[in-house]
Amino acid sequence: MSGQGAFTPGQVRLGDRVLWQGVAHQLVAFHGSTAVLLAEETSTPVEVLYAALVSVPGFAVLDGDDSPVASTPMPAVDVPPSKAQRKQATRWHRHMKELDTGVLPDSSKARPGYEPGSTTLAERYACKSRELAAAGIEVSAKTLESMRLKWKRAGENPLVLVERRPRECGHRTDPRVIEIMREVVMARSRGSGVDIQTIWEEVLDVVQDRFKAELEDPQEAQRLLLKRATFYRRMEDTGLAEYLAAPTRRRSQRASKPLPPYRPSHALRPGEVVQIDTSPLKVKALGDDAEVISAELTSAIDVASRSNCAVMVVPVVTGEGSPGKRIGGRATRAFDLGLLLAQCFAPLAWRPHWDPLALAANSALPLEDLRDADERFARAVAARPVIHPRTVIIDQGSPYLSDHFKYVCDMLGITIEYARKDTPTDKPLKERFFRTLGSRFSQHVAGWTGTGFAHRGLGIDKGPLYPINTLQDLAEQWVALDYQQTPHKGLRSPFTPGLILSPNEMYAQLMPMTGYRPRPITAEEARKLLIGAWVEINDKGITIENRTYQSTDWRMRLLIEQRSGIIEHNDHFEARYNPYHPEIAYLFDHLYSQEWVEVEFIHRSLLDDRWTQDLWERATATVVDSGGRKDDQLAIVKAVRALRRSSRRGPGKAQRTAPKIPFQGLEVAAEPEPVVNLYAGVSIDIETVTAYPSLPVAGRENDRPPTANDTDAP
């Protein structure tokens with residue numbers, strides 16, 4: 001019977017007889033992450049998740065006598081050789097090689113007494129024994145023969161010739177800590193792979209929770225609370241490190257690292273140079289239609305302060321529909337990059353369900369000075385600085401090369417600098433940020449898929465997952481709470497060179513030298529951030545992305561059947577819309593008022609729930625696959641309603657308990673906000689204006705022109 005012998009929960013095989021829910025079954029098939037069981041009494045097939053099968057209480061593999069087979073404990077790796085043992089093995093390898101071939105490994109000529117053509121093995125054994133005796137090592141020729149044969153049987157592995165005394169697993173580490181290490185690793189082995197630092201943190205948490213009384217004794221605390229380096233060595237000694245994916249990932253990262261020279265980025269002021277890039281988040285999430293999707297994250301890192309200026313999480317889905325009828329896919333678009341840049345120009349609002357330590361008032365940011373310069377900091381804002389990019393370094397992906405992204409950068413006064421193709425070291429801070437994101441954020445989020453498919457846990461897609469907007473909220477909170485307030489080894493101030501600073505502390509030291517000037521996005525600029533379309537106007541309205549928009553505004557009625565006079569766009573009129581709020585759009589009047597006219601989707605009243613352009617495209621694919629027409633707007637609206645209903649009942653109980661997060665995209669008001677002159681009627685005396693406080697910089701007084709009070713140097 002294949003089930004006889006010891007087993008581990010991860011090694012149940014086909015044909016095994018198992019005890020599940022008190023009934024004997026036989027494992028007859030595997031289907032992906034599920035297993036098919038056949039009850040022995042009723043011959044009824046049952047399909048169950050493999051992870052749920054082996055973790056249910058009472059589960060066991062049965063032997064021929066219907067007795068449970070004992071679980072095999074996690075094996076420990078043999079004690080690795082010490083440095084001295086490796087040197088000794090190298091010396092014996094040279095001797096064995098000379099006995100076997102007559103020539104030393106690093107020589108091309110045989111020494112006297114070892115010539116392979118004129119000496120036998122027995123003669124070489126005797127010669128080697130005399131040579132070693134002269135060096136103070138007494139080894140007989142018979143012993144040398146036994147050693148050479150043992151060395152050959154081991155594949156010429158010299159370690160078999162070195163005496164390696166077995167030592168107790170864990171050395172002098174408390175056995176209770178070793179047992180906790182095994183528990184944590186075994187609990188993590190069924191999920192996606194995590195790095196060894198996360199295991200260390202979890203082991204410390206378990207030790208502190210389980211041995212509260214013992215830790216009050218300083219000697220016991222020293223034994224139970226392992227230092228990081230000691231913990232890493234014990235993980236290697238016990239073989240537990242083999243169950244983690246982090247070492248393999250580090251080796252692959254070193255192997256794929258380009259050769260120098262690199263092209264580093266240098267900046268002295270916040271916003272002078274900002275690096276922007278996009279990377280998979282490696283976390284599964286719920287889309288608008290409650291389907292499991294992947295996600296990717298785009299962020300902007302300031303070179304001078306290492307601050308995260310903005311972060312944007314978007315879904316990643318493939319094209320929907322049958323072959324020949326696909327309606328495109330979804331990933332980071334140029335519009336998302338525009339929203340990312342817009343975030344850089346406004347403070348990040350703090351939300352009531354966040355940790356209070358994520359508030360700017362509880363961080364190292366100079367909030368009082370920022371509040372005096374920008375009234376937006378008077379509200380509850382997160383501990384993330386506002387940094388206006390002057391130059392952005394980006395890769396050459398299609399969203400970054402789009403005309404829309406270039407247009408937004410030109411409008412905001414941002415210079416674009418492209419990194420070389422397939423050269424990640426042109427954006428080293430971004431590459432390092434993504435590794436930090438994975439180790440300190442992504443692997444702690446439900447839906448973590450690990451560093452690769454081979455390290456992915458079972459049932460990730462069927463577990464509790466977060467909606468995509470909740471991932472955005474969690475990422476923003478992590479930036480304000482952890483990333484911006486954690487010391488960075490690369491941040492040293494010239495005024496305090498021995499002190500390692502956090503990004504917020506570095507920003508606080510750099511800001512007095514450069515100053516802070518608010519640069520809010522105006523209502524007109526907010527319109528231009530939207531996606532543009534050039535449309536014709538008729539009595540039915542205008543058509544954008546297969547949707548008809550209409551307005552009762554008299555300005556639009558005057559434009560029916562008119563020509564805009566813009567020849568390069570075939571006399572069409574400019575319109576703009578937000579793909580995250582497509583229920584309304586904006587039409588520009590090029591002929592009369594020179595203003596934006598709000599237009600409304602004609603079937604907007606049929607859609608009560610919030611919907612997006614992506615949901616519209618998915619509904620369009622559903623209608624087309626059912627034999628409908630792509631321009632049947634009413635049928636597509638019904639399909640959108642059906643998808644929204646499925647999203648409301650799709651997530652399980654664990655998913656419904658997640659906080660409902662408002663949409664994080666750019667909200668655009670229907671009318672431009674009136675510009676209020678805060679200084680109307682106020683007379684300002686220039687002589688009373690004080691300069692912004694600055695740090696004393698040596699040599700600064702040499703840059704100012706001489707005054708009458710200055711005296712000549714002797």
Side-chain angles (χ1 to χ4, degrees), residues 4-8 11 72-173 175 178 181-182 185 196 229-252 254-255:
Q4 295 190 10
F7 83 100
T8 61
Q11 296 177 349
T72 301
M74 181 179 294
V77 178
D78 192 12
V79 179
S82 64
K83 185 176 181 180
Q85 290 172 335
R86 290 196 298 268
K87 289 183 178 180
Q88 184 182 4
T90 302
R91 289 194 297 267
W92 278 116
H93 179 73
R94 290 174 55 84
H95 295 315
M96 294 300 106
K97 201 71 174 177
E98 188 173 26
L99 289 173
D100 191 49
T101 64
V103 182
L104 289 171
D106 55 355
S107 177
S108 60
K109 184 179 179 180
R111 295 190 300 160
Y114 298 96
E115 296 87 348
S118 57
T119 59
T120 63
L121 280 173
E123 293 173 343
R124 293 198 287 270
Y125 290 146
C127 184
K128 181 64 69 175
S129 178
R130 293 191 299 269
E131 179 185 335
L132 292 176
I137 303 175
E138 298 293 338
V139 181
S140 65
K142 188 66 176 178
T143 302
L144 288 173
E145 181 183 13
S146 300
M147 293 175 64
R148 191 189 73 85
L149 294 176
K150 185 178 181 181
W151 171 73
K152 293 292 288 187
R153 286 193 297 267
E156 300 186 0
N157 182 5
L159 290 175
V160 299
L161 306 177
V162 179
E163 182 181 1
R164 300 167 64 192
R165 298 178 181 177
R167 48 190 177 182
E168 183 182 357
C169 179
H171 304 266
R172 291 178 293 177
T173 302
I178 300 296
M181 291 165 56
R182 295 181 184 274
V185 172
I196 193 171
T230 304
F231 174 80
Y232 286 1
R233 288 195 295 268
R234 297 302 172 265
M235 288 288 290
E236 295 290 341
D237 295 341
T238 57
L240 297 175
E242 299 296 327
Y243 289 80
L244 304 180
T248 302
R249 183 173 70 252
R250 288 196 294 268
R251 286 194 295 269
S252 63
R254 290 195 297 267

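Side chains are part of it too, since the values below use all heavy atoms of this structure and drop only hydrogens, waters and symmetry mates. Owing to the predicted nature of the structure, the values given are computational and were not obtained by experimental measurement.
- Salt-bridge annotation for Arg148 and Glu145: absent, with no side-chain N of the basic residue lying under 4.0 Å from a carboxylate O of the acidic one.
- When every heavy atom of Gly113 is checked against every heavy atom of Thr119, the shortest pair comes out as O-CG2, 3.8 Å.
- For the pair Ala154 and Asn157, the tightest heavy-atom approach, listed with the atom from each and the gap, is O-CB, 3.3 Å.
- Although no hydrogens or angles enter the test, the distance criterion places no donor-acceptor pair under 3.5 Å between the side chain of Glu138 and the main chain of Gly136.
- From Ile178, atom CD1 reaches atom CE of Met235 across 9.5 Å, with rounding to the nearest 0.5 Å.
- In terms of heavy-atom proximity, Ala89 sits nearest to Pro158 at O-CB, 3.2 Å.
- In this structure, CD in Gln85 is found 11.5 Å from OG1 in Thr90, a value given to the nearest 0.5 Å.
- Here the closest heavy-atom approach between residue Trp151 and residue Asp100 is recorded as CZ3-CB, 3.9 Å.
- Counting heavy atoms from C-beta on, the side chains of Arg91 and Arg94 never come closer than 4.5 Å.
- Of all heavy-atom pairs between Gly102 and Ala110, the closest is O-CB, 3.2 Å.
- When each of Arg124, Glu131, Glu98, Glu123 is paired with Tyr114, the side-chain hydrogen bond (donor to acceptor under 3.5 Å, both in side chains) condition holds for Glu131 and for no other.
- Shown here for Cys127 and Pro112, the closest heavy-atom pair between the two residues is SG-O, 4.4 Å.
- To the nearest 0.5 Å, atom CD1 of residue Ile137 and atom NE2 of residue His95 are 6.0 Å apart.
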ask   = Can Leu144 and Met96 be said to form a side chain to side chain contact (heavy atoms under 4.5 Å, CB included), step by step?
value = CA-CA 8 Å; Leu144 288 173; Met96 294 300 106; 4.2 Å; yes
key: Working for side chain to side chain contact (heavy atoms under 4.5 Å, CB included), residues Met147 and Leu99   = CA-CA 11 Å; Met147 293 175 64; Leu99 289 173; over 6 Å; no
